[in-house]
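In the text below, chain A, chain B and the rest are named by the order of the sequence lines, each starting its count at 1.
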Amino acid sequence: MSSRIRAAVALVAIMSGAASIGCTDLTVEPKSTVTGANVFNDPSAYRGFLAKLYAGLAVSGQQGAAGRPDIDGIDEGFSQYLRLYWEAQELPSDEAVIGWNDVGLPEMNTQTWAVTNTFVVAMYYRIFFQVGLANEFLRQTTDAMLDARGNVSSTLRAEIATYRAEARFLRALSYWHGIDLFGDIPLLTEDDPLGSTPPPQATRAEIYNFIVAELLDIADELPAPGANSYGRATGPAAQMLLAKLYLNAGIYTGTPNYSGALTAAQAVIAGPYTLDGNFQRMFKADNNTSPEIIFAIPQDGLKTQTWGGVTFLVHASCGGSMNNSLYGIDGCWWGLRLKPQAYQRYATGDNRTSFFYTTGQNVAIASISNFNDGIAAPKFQNRTSTGTPGSHPTHVDTDFPMFRLADAYLIYAEAHLRGGGGTAAQALTYVNALRQRAYGNTSGNITSGQLTLDFVLDERGRELLWEAHRRTDLVRYGRFTGGTYIWSWKGGTQVGVATDAKYNLYPLPANELIANPNLKQNPGY
Amino acid sequence: MRSSLYFVGALFAVSAFVPLQSQGQTGSIRGRVTDQASGQPLEGVTVSFGSRGTLTRQDGTYLLRDVSAGRDTLRFRLIGFATATRSVSVVAGQTATYDVALTAQALNLTAVVVTGYGEQRAGSITGAVSQVTAETFNTGRVVSPELLIQGKVAGVQVVDNNEPGGGLSLRIRGPTSVNASSDPLIVIDGVPVGTGSGGGLSAGRNPLNFLNPNDVESITVLRDAYAAAIYGANAANGVVLITTKAGGITKPQFEYSVSTSMSSITKRPDMLNAEQFRTAVQTYAPQNVSQLGTANTDWYDLIGRTAYGQDHNLSVSGASNTMNWRLSTGYLKQDGVIRGTTAERLSIGLNFQQLLFNDRLDVRAIQKGSRAVDQFTPGGVISNAAQMGPTQPTTDPTSPTGYYDWPGNKLTSPDNPLAILDLATDKGTTFRSVGSLQTAYRMPFLNALRGHVNLNYDVARADRQTFTPSALHSQKKTGQGGSDYRANQSQTNTSLETFMDYSGPVTYVPGTFDVTAGYSYAQSHAEYPWYLATGLSTDLLGGNGVASARTTQNVQDIQESRLVSFFGRVNYNYNDRFLLGASVRRDGSSRFGPTNAWGTFPAFSVGWRLSEEPFMRDLWSLSDLKVRASWARTGNQAFANYAYFANYVLGDAQTQAQFGNEYVATFRPSAYDPKIRWEETSSTDIGADFGFMNQRITGSIDWYTKKTEDLIFRVPVAAGTNLSNFLTTNIGSMRNNGLEFTLSAGVLRGPRNGLSWTADFTAASNTNELEAINPVFGANVQRQLILTGLVAGGVGTYIQVLQPGQPINSFYVYQHRRAADGRPVFAEGAGADTAMYVDQNGDHKINQDDRVPYKQPAPKLMLGHSSYFTYGNFDLSATLRAYYGNYVYNNVASNLGTYAEVGRDSPYNLHASVLETGFKTPQYLSDYYVEDASFVRMDNITLGYSLMFRGQPLRLFGTLQNAFTLTDYTGVDPTAGLNGLDNNIYPRSRTFTAGLSVRF
């Protein structure tokens, strides 16, 4: 009896001894990746995190040119921020068509997109990817957090203050894209914790007011313009964004603010930027040296690779009988051409058309999928102004000029004409400065009588062609939808038809309405 | 910890009922029980006398101690045998000896079936368990052990990818998860391999290839959740238990088998020939006519081949009274029917078992190891063979590579597949060893109680190397400039399992108990470093050296996980009439945060063997009828590690941001769910096993329903609330319902050397439905959809959908209008879209909102039939398999079946479907390409002839695999992978194998 008990006790001891080996410890920390718990042990992580906020506009993920994507549900190359934004602004306008049949893309050319349109959905999520990242950066860099980590020097702390302003600029930029494209969307800030319940929908005006206040708050904290801050947001970039917001305030809030637009444009013009004597350089591989660019999304063939961005613009603009090597690239993607209205806006002598490629190309677009229909416009090129090819034949060195001085000139002119103050003479001077650059002489100059709102819209089309402003401009002029202005393929026919006013806004993604029951779909969808 | 003590305590509580040393007048009974027919000892026979009982041991002996003196009936009971009784008189202080021989009634009820952490008699199992043994395995050229049971088990779908030894998937009763794995747990001789599901690490082919199929003794599939539930966290997808061969005959026995095989392609994609291609170019792309050559090249013929293979297996085994052993080695080399594909395996296996200390200690050592050298057909060969123009020549003396390429290095022209085959390499080497040291100790104070300690390891190293020279057209046209990729992966899994089992009757309670309780600890460490260089400075080094390169990427990825489990199970058997079972397992996984690490998985079952009831006896020659029901909850943790951590992904050198003159590498926080937890599946199974004519006809029928909740699911989240638009979290539910039917009949049982025929039939239907994704949004539930199923054609084209109310991976397409002759309508110009497709939402245009779910890739009904004939020295077997209701998206047709493809920079060859459809623009989303892939296939016919050679058996055999397939599917193979996407898949081969096996 006692031997049996002894044996039993021994057994229990063996079993439980074996069972106790590690039985309480289930924590296995990642080894080859960093986590929120240790990432800021390296002070350079703050800079790296901020770099991601910028890179979110320039590339599609953490592996160049593709791999480890930022967002999901769409091909990674398609998902790149700039590419999506460009397509949302240009394809449904009178400026561009793309010939590819990728699901969802043809509808972008004709204002016939679905609620589930892949590109619209991805644009929405790209915007909130930026917003979410900026909010997380702001949460991680509060004074309290920096104090708690205890490894932040005073120098770094000062730098982080600048970084925080930049993060807020980038958040404002994406929120601007958000209200411009989608209207009423949620407003999330660093005060909304991660994984919070679905946020309520804010009005366009609420977000507009938020961004304006943010930009006014940070304008002085941003880095100063100059070579050292190229690629980063500067004070003038914030002013430029304010000018864009004020110019479209009537659309966003119902109350125009043209004087605000004019004042902000003046502030930009007063900055260190000058018109680039070489118009084409601004779209070439060395455009980082252009004195005109206020805010660029830098691309680099070796260090900043993506299948979207300017790599997309250079390749997709090439096709037909064009020789790809002339544009510094390894091949053509046979995609983008001009809608006839964009091509026909230019008069003879306007050198801004000098890069157009017409050989074998028809002005009229009988078939969108045929690259030979529509004039090719290889505005963006992967060769420098001196003809040297970029550092990589696939991924281009050409940066995207999101804001440049000419836009500020035209905002001044338009704001003045709309009653925002300033002088007519100054407006005419600015417009003619662009005309003289375009014509190489004064032959293209206009008179004050010719300077009308319609002229400004057309001049914006000519000067800022394919620079991702067109849809916003047409909406502001009330011509994007409806029948006031018909262009080829508007509404889905070659001659064009009037379209429903609902297309002034893109629909909120169908999946988003499910994930966030607080949201109300845009009218008409 | 507390729970383990609880289990152990419960075990001892049970053992308290076992015989205690009596104070009264007692004696003992001992003896040995054998099989009347064979004289072999019978283990596990219940021997009872009055209120005392015991089970016979492995050698058939039994000892009943401390039985009350007097006369009573001594009973011997074993399922499948006629119960024997003896009237016995016990004299106090003496030992009576009674040897008994039992008469078999239905041997297959007696068969020992391996179950998790133990084994059971087939007749008393209350779960849905199927065991396939070596005699009924598929034969011929079988590289992967899973294929041994393809078509043999109801409800089990084995999907291979047609390459020799290629990756394959198993589905038991349908998929249970969306983003976690739906593959079952594989357990080899008690060692769980892989990390929860699938088979572990390999260089690219099926990871279980390390196990030589010739070493496999039996494969048991635990189909229902009760049977599988003892594996708790890993059991939601079912469990496959593989038992390897052990030694069994006294004197050393050598066995050698050799076979050689020849394979050919059964079906090729239907592309235009040179003449048709020329006509198409002339008609639809006259600008490209000047590019056309005058050759008549059949590219697919040139990349294909008649493939040969050989397989050698040598084993030696032996046994004594206290030990048995088996040592085996095998060599296999099998070429694929597409050039460049080869599988080669050298394997060794060892099983050793020793009984020590008067047979109380049972030590078993198992080791299976292999080296697999795999050559892969380099990427792009098969697709370019379809795309390359048949009018073009294969070689071009002016080209640097000697191979013809379309003029110009335009991005879009197809590559010469022969150049890729010749110049690019893709190979892998996998070393793997799985081993186990298993000890079982029978307690001296209580024979029925055994303690087990098992130590297991699984070590693998898999190297993959891909070299693409810069001279290749594909490299020049994309500017990639050649690439050199290597991955040197390694994985080490170790586990400890300790458990106790008690098996036998207990005092004062009728019937027998089988109680198991234990603990297991498993950990995994894996490293996945890889290196990629592009823009090679030279091709001279091939894949062997490291040329300097324009860009290089070096990535290290370390993955570790841990799983700690406590488990317990009680099976109760009342005279083989009433059967009860209950089990519980508690698992802790490192994949979930501290608050969600632990999950509890209970299971219950009940069985009633009606055939034991007097009112059923001798009814319609019924020999067995058991109804059973079970319910269980199981888990799934087979998904990524570290999901609950706030992970920062570092950007590489190619995704930097420019800050002035400086480039800054990026840090990106990833979306994560700190509350991620188990995915749980609740299953109910109601079934019956039956047998007639002394089990000459047997069968079973099962109905089941499985509901998976808290799906580990990557879903869109409210924008801005996390750090990306998709988040892997627990959301939604999925259901699988099904019916399974198995019948096995000894149709003919001729006299010795006469004709005998055994026929097996299986049928299984399964209905899968994704019930919900986001439960908060009831009204709009039908609008929820997540696109999946990336296909070729356009960029980012997804052809399938995850949508509530539909089977997962339903095709998501436009409904194509059909002309009177049944052909899909093609239209151009304004209004073409509504002329071609049904405008589902009536907005007079066709866009993504007009897509509808349509059909699914999983079969609705799977049928299998195997027949085994013997006559004289001949044996003949055949396996027939049929699927009904499975659909495949013919991506080759959708991608290349449009005249737009000849209008490219350089024309592509077209799929012949264009001759029917006349599509001038691609119609990727048309339901026309979703084809019914139901089929009937003769998987296997084997003819063998056995003779005696020098007093030992020798067998000659020939096998034809994939003899024929009847299907309406127009692509190369209706079994086009699990998800039904046929984009230039590897073609299926027909293989003839001849060989012999001999013993000496």
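Residue A:Pro509: no heavy atom, backbone or side chain, is found under 4.5 Å from chain B. Proximity to chain B is absent for every atom of A:Asn135, based on heavy atoms less than 4.5 angstrom apart. Contact of A:Val34 with chain B is made through backbone and side chain together, with heavy-atom distances under 4.5 Å. Only the side chain of A:Glu136 has a heavy atom closer than 4.5 Å to any heavy atom of chain B. Contact of A:Leu188 with chain B is made through the side chain alone, with heavy-atom distances under 4.5 Å. For A:Trp334, the part lying near chain B is the side chain, with the backbone staying farther off; criterion is any non-hydrogen pair under 4.5 Å. Residue B:Asn641: no heavy atom, backbone or side chain, is found under 4.5 Å from chain A. For A:Asn370, no part sits under 4.5 Å from any heavy atom of chain B, backbone or side chain. Residue contact with chain B, scored on non-hydrogen atoms closer than 4.5 Å, involves the side chain of A:Gln140 exclusively. Contacts of A:Asp192 with chain B are absent, with no heavy-atom separation under 4.5 Å from either backbone or side chain. Using a 4.5 Å cut-off between heavy atoms, A:Phe40 contacts chain B through its side chain alone, with no backbone atom that close. Heavy atoms closer than 4.5 Å to chain A are found in the side chain of B:Arg550, but not in its backbone. Of the atoms belonging to A:Thr306, not a single heavy atom falls under 4.5 Å from chain B. For chain B, the nearby part of A:Tyr124 is the side chain; its heavy atoms alone come within less than 4.5 Å. Both the backbone and the side chain of A:Val28 come within contact range of chain B, with heavy atoms under 4.5 Å apart. Looking at B:Leu925, only its side chain comes within 4.5 Å of chain A, counting heavy atoms on both sides. In this structure, chain A has a heavy atom under 4.5 Å from the side chain of B:Val555, while its backbone stays farther away. Proximity to chain B is absent for every atom of A:Ala58, based on heavy atoms less than 4.5 angstrom apart.
Looking only at atom types and distance, the side chain of A:Thr112 has no donor-acceptor partner in the side chain of B:Asn847 under 3.5 Å away. Under 3.5 Å, the side chains of A:Thr304 and B:Gln658 contain no donor-acceptor pair of N or O atoms. For the residue pair A:Gln62 and B:Thr666, a side-chain donor N or O sits within less than 3.5 Å of a side-chain acceptor on the partner. Checked by atom type, the side-chain pair A:Thr35/B:Asn647 shows no donor-acceptor distance below 3.5 Å.
Taking B:Gly796, B:Ala719, B:Gly831 one by one and counting their heavy-atom pairs under 4.5 Å with chain A, the maximum is reached by B:Ala719. Per-residue heavy-atom pair counts under 4.5 Å with chain A were compared for B:Ser724, B:Pro444, B:Gly593, and the maximum is reached by B:Ser724. Contact count versus chain B (heavy atoms, under 4.5 Å) is highest, among A:Ser44, A:Ala227, A:Gly132, for A:Ala227. Between chain B and the residues A:Val59, A:Thr493, A:Asp300, A:Thr394, the most heavy-atom pairs under 4.5 angstrom are made by A:Asp300. In terms of non-hydrogen atom pairs under 4.5 Å with chain B, the most contact-rich of A:Pro198, A:Ala65, A:Ala45, A:Ala37 is A:Ala45. For the set B:Gly535, B:Ala597, B:Pro669, B:Ser565, the count of heavy-atom pairs under 4.5 angstrom toward chain A peaks at B:Pro669. In terms of non-hydrogen atom pairs under 4.5 Å with chain A, the most contact-rich of B:Pro922, B:Ala657, B:Ser590, B:Gly794 is B:Ser590. Counting heavy-atom pairs closer than 4.5 Å to chain A, the top residue among B:Pro674, B:Gly660, B:Gly588, B:Ser670 is B:Gly660. Interface check for chain A: of the options B:Tyr441, B:Tyr663, B:Phe592, B:Tyr924, the most heavy-atom pairs under 4.5 Å are formed by B:Tyr663. Put simply, of A:Gly492, A:Gly77, A:Gly73, A:Gly56, the one with the most heavy-atom pairs under 4.5 Å next to chain B is A:Gly73. With chain B as the partner, the residue from A:His395, A:His392, A:Lys303 showing the most heavy-atom pairs under 4.5 Å is A:Lys303. For the options A:Asn38, A:Asp75, A:Asp72, heavy-atom pairs under 4.5 Å to chain B are most numerous at A:Asp72.
Taking the side chain as every heavy atom from C-beta outward, A:Asn101 and B:Gln923 never approach each other to under 4.5 Å. Residues B:Pro594 and A:Leu26 form no side-chain contact, since every pair of their non-hydrogen atoms from C-beta on lies 4.5 Å or further apart. Side-chain atoms of A:Asp70 and B:Arg668, non-hydrogen and from C-beta on, do get closer than 4.5 Å to each other. Inter-residue side-chain proximity for B:Phe645 and A:Glu29 is flagged as met; some heavy-atom pair is nearer than 4.5 Å. Between A:Tyr230 and B:Phe659 the shortest side-chain heavy-atom distance does not fall below 4.5 Å. Side-chain atoms of B:Glu662 and A:Asn228, non-hydrogen and from C-beta on, never get closer than 4.5 Å to each other. In this structure, B:Gln848 and A:Val120 have side chains that are not in contact, with every pair of non-hydrogen atoms separated by 4.5 Å or more. Put simply, the side chain of B:Asn722 reaches to within 4.5 Å of the side chain of A:Leu194, judged on heavy atoms.
Summarising the local packing, CZ of A:Arg68 is surrounded by 12 or fewer heavy atoms from other residues, nucleotides or ligands at distances under 6.0 Å.
A cation-pi arrangement is absent between A:Lys52 and B:Phe667 under the rule of less than 6.0 angstrom and at most 45 degrees off the ring axis.
Taking OG of A:Ser369 as the start and CD of B:Glu828 as the end, the distance is 8.5 Å to the nearest 0.5 Å. Separation of atoms CD1 (A:Ile71) and CZ (B:Phe726) is listed at 9.0 Å; rounding is to 0.5 Å. Taken to the nearest 0.5 Å, the CD atom of B:Gln559 stands 6.5 Å off from the OG atom of A:Ser32. Distance check, rounded to the nearest 0.5 Å: CD of B:Gln553 to CD of A:Gln63 gives 5.0 Å. Rounded to the nearest 0.5 Å, atoms CD1 (A:Ile368) and OG1 (B:Thr921) are 12.0 Å apart.
Ion pair B:Lys477/A:Asp330 not flagged as a salt bridge, since none of the NZ, NE, NH1 or NH2 atoms sits closer than 4.0 Å to an Asp/Glu carboxylate oxygen. A salt bridge links B:Arg562 and A:Asp25; the closest N-O separation between the charged side-chain nitrogens and carboxylate oxygens is under 4.0 Å.
Looking at B:Asn725, its side chain never comes within 3.5 Å of a backbone N or O of A:Ala122 through a donor-acceptor pair. Proximity of a side-chain donor or acceptor of B:Asp849 to a complementary backbone N or O of A:Val115 within less than 3.5 Å is detected.
Considering all non-hydrogen atoms of both residues, A:Tyr125 and B:Pro716 come closest at OH-CB, 4.1 Å. Here the closest heavy-atom approach between residue B:Ala665 and residue A:Ala51 is recorded as O-CB, 4.2 Å.
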Intermediate values then yes/no, side chain to side chain contact (heavy atoms under 4.5 Å, CB included), A:Leu302 and B:Gln654: CA-CA 6 Å; A:Leu302 298 177; B:Gln654 287 78 43; over 6 Å; no
With side chain to side chain contact (heavy atoms under 4.5 Å, CB included) as the criterion, how do B:Val795 and A:Phe78 come out once you've worked through the C-alpha distance, each side chain's angles and the decisive distance to 0.1 Å? CA-CA 8 Å; B:Val795 178; A:Phe78 282 177; 3.3 Å; yes
